[in-house]
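Report on the following structure.
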Amino acid sequence: YFGKLRQKMAKEYQEIFWKGDTAWSGETKKYLKVTDGIEKRLKNSEHAQKLTGSAITVANVLSQVEAAILAAITYAAKEEVPTDDYKVLLNKADYDLLVMALGKMTVNDGNFTQTVWSNYGKKGDIITIYGFEIHASEISKNTIIVGPTGNLVLGYDTQDSQIEYRIIDM
């Protein structure tokens with residue numbers, strides 16, 4: 001029982017971290033009102049570069065991710081910020097669409113340990129586009145976040161319900 005409860009709590013904490021909104025008025029997922037999450041903070045940030053795209057599908061996921069990466073590295077170059085620790089975050093369902101799109105163009109190296117496409121790569125479980133690692137997360141569907149993730153910290157303790165959210169130097 002407690003194992004399943006911890007899994008459910010961990011998922012909810014991640015949803016709060018990414019999708020939290022103190023103005024949340026929905027009938028379900030009322031726990032999202034706890035704090036403003038990363039997505040809302042980025043939407044309200046004057047430093048975040050916002051792109052408008054269409055719903056992510058297998059047919060357009062690569063171009064959507066590429067556009068987000070291009071916007072991020074263009075802004076980083078303008079601000080003279082290194083992109084060494086940048087990562088690309090996608091919703092889990094959108095990540096699966098990316099895997100499907102890349103699967104359509106796969107050519108293996110013969111031993112199936114590394115797959116390389118023109119601007120895409122996969123070694124083990126890590127997919128890269130233009131050298132940036134792609135990661136599945138609990139962010140909203142049709143949302144792509146590109147940036148440094150080393151300072152994003154989600155800390156929670158499911159043993160005694162202590163929750164602390166911090167964004168350090170973002």
Side-chain angles (χ1 to χ4, degrees), residues 2-20 29 32 37-39 41-42 48-49 51 53-76 81-159 163-170:
F2 287 109
K4 287 185 179 184
L5 178 62
R6 280 192 197 102
Q7 284 179 336
K8 185 175 187 318
M9 289 171 66
K11 182 175 179 357
E12 289 177 359
Y13 291 155
Q14 288 183 44
E15 285 184 297
I16 293 167
F17 182 71
W18 292 110
K19 303 174 197 171
K29 299 187 178 192
L32 292 176
I38 300 297
E39 289 181 32
R41 291 174 188 217
L42 287 174
Q49 298 299 294
L51 301 176
S54 56
I56 295 176
T57 65
V58 172
N60 71 11
V61 65
L62 292 171
S63 62
Q64 298 262 16
V65 172
E66 289 172 358
I69 291 171
L70 178 60
I73 60 177
T74 300
Y75 183 76
V81 175
T83 59
D84 301 339
D85 62 344
Y86 276 30
K87 292 188 176 30
V88 179
L89 303 172
L90 292 171
N91 172 276
K92 290 177 181 179
D94 294 336
Y95 181 87
D96 290 342
L97 294 175
L98 176 73
V99 171
M100 291 171 72
L102 291 172
K104 291 180 169 186
M105 54 193 326
T106 298
V107 176
N108 288 301
D109 66 356
N111 61 14
F112 300 103
T113 58
Q114 183 169 326
T115 306
V116 179
W117 304 276
S118 58
N119 296 314
Y120 319 114
K122 182 173 188 237
K123 187 166 187 173
D125 291 334
I126 304 294
I127 292 174
T128 60
I129 295 182
Y130 296 125
F132 295 97
E133 291 182 10
I134 313 298
H135 294 276
S137 70
E138 291 291 335
I139 64 175
S140 297
K141 185 135 176 51
N142 299 314
T143 299
I144 302 170
I145 297 175
V146 182
T149 59
N151 295 337
L152 293 176
V153 178
L154 166 61
Y156 58 88
D157 180 354
T158 58
Q159 298 296 326
I163 307 169
E164 187 169 339
Y165 297 92
R166 290 187 183 197
I167 302 174
I168 303 170
D169 188 33
M170 187 164 164

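In this chain, residues are counted from 1 in sequence order.
- Counting only heavy atoms from C-beta outward, the side chains of I129 and E66 approach each other to under 4.5 Å.
- One finds the CD atom of E138 at 10.0 Å from the CH2 atom of W18 (value rounded to the nearest 0.5 Å).
- Considering L89, L90, I145, I127 as possible partners of H135, the one that fulfils the side chain to side chain contact (heavy atoms under 4.5 Å, CB included) test is L89.
- Of the possible donor and acceptor atoms, none in the side chain of Q14 sits under 3.5 Å from a partner among the backbone N and O of S137.
- Atom OG1 of residue T143 and atom CG of residue L51 lie 11.5 Å apart, to the nearest 0.5 angstrom.
- Expressed to the nearest 0.5 Å, how far CG of L98 lies from CD1 of I144 amounts to 9.0 Å.
- For A136 against K92, the heavy-atom pair with the smallest separation is CB-CG, 3.9 Å.
- One N or O on the side chain of N142 and one on the backbone of I56 form a donor-acceptor pair closer than 3.5 Å.
- N60 and S54 form a side-chain donor-acceptor contact under 3.5 Å, judged by distance and modelled atom types alone.
- Closest heavy-atom contact between Y95 and D125: OH-O, 3.8 Å.
- Remark: the backbone N or O of I139 is paired with a side-chain donor or acceptor of N91 at under 3.5 angstrom.
- Under the 4.5 Å side-chain criterion, counting only non-hydrogen atoms from C-beta, K122 is not in contact with T128.
- Within the 4.5 Å cutoff, the side chain of K87 has no heavy atoms near those of the V146 side chain.
- Atom NZ of K8 has 12 or fewer neighbouring heavy atoms from other residues, nucleotides or ligands inside a 6.0 Å radius.
- A pairwise comparison of heavy atoms in E39 and S140 identifies OE2-N, 2.6 Å as the closest pair.
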Legend entry - Chi angles and distances behind the side chain to side chain contact (heavy atoms under 4.5 Å, CB included) call for I69, Y86: CA-CA 9 Å; I69 291 171; Y86 276 30; over 6 Å; no
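- Counting only heavy atoms from C-beta outward, the side chains of F132 and T83 approach each other to under 4.5 Å.
- Atom CG in L62 sits 10.0 Å away from atom CG in N119 (nearest 0.5 Å).
- For the residue pair V61 and A101, the shortest heavy atom distance occurs at CG1-CB, 3.7 Å.
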Inset, instruction - Begin from the C-alpha positions of V81 and Y75 and carry the test side chain to side chain contact (heavy atoms under 4.5 Å, CB included) through to its verdict. - result: CA-CA 8 Å; V81 175; Y75 183 76; over 6 Å; no
Legend entry - Derivation of the side chain to side chain contact (heavy atoms under 4.5 Å, CB included) call for L97 and K141: CA-CA 11 Å; L97 294 175; K141 185 135 176 51; 4.0 Å; yes
